[in-house]
Amino acid sequence: MPKPEGYRKALRLMRARRALQHALVTLIDTQGRYPGVGAEERGQSDHRGANLFEMSVLSVPIVTVRHREGGCGWRARHRPCVTC
């Protein structure tokens, strides 16, 4: 599961992609964010929000590949992806 440290690393890499004007490729293969108290104490929600904001203002193309669950569990296994 994602930890706050991973969100900080992702933000740094998104900013590097913007500076180099390279496309951003994201791979979704997770069950969602880590729900532990320790993760919230380290600011997981703030980092997640910062990443979403950064992705919304990026001036480079974003390609997303969803593999397996991608955060929605049962629905991903039993329904086709309508947002792809």
Visitor: Please tell me if the side chains of Val60 and His22 come closer than 4.5 Å, counting only heavy atoms from C-beta onward.
Guide: no

Visitor: Please go through Val57's hydrophobic cluster and name the other residues, only I, L, V, M, F, W, Y counting, with side-chain heavy atoms under 4.5 Å joining them.
Guide: Phe53

Visitor: Is any side-chain heavy atom of Leu24 less than 4.5 Å from a side-chain heavy atom of Met14?
Guide: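 The answer is yes; the side chains approach within 4.5 Å.
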
Visitor: Once you round to the nearest 0.5 Å, how far does CG of Asn51 lie from CG of Leu13?
Guide: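 The distance works out to 10.0 Å.
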
Visitor: Taking side chain as C-beta onward, heavy atoms only, is Glu54 less than 4.5 Å from Leu58?
Guide: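 Yes, side chains in contact.
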
Visitor: What residues form a side chain to side chain contact (heavy atoms under 4.5 Å, CB included) with Ser59, not counting sequence neighbours?
Guide: Arg18, Gln21

Visitor: Is it true that Met55 and Tyr7 fall in one hydrophobic cluster, defined by side-chain heavy atoms closer than 4.5 Å?
Guide: no

Visitor: For Asp46, give me all partners under side chain to side chain contact (heavy atoms under 4.5 Å, CB included), at least two apart in sequence or on another chain.
Guide: none

Visitor: Taking side chain as C-beta onward, heavy atoms only, is Val25 less than 4.5 Å from Arg17?
Guide: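 Of all side-chain heavy-atom pairs linking Arg17 with Val25, none is under 4.5 Å.
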
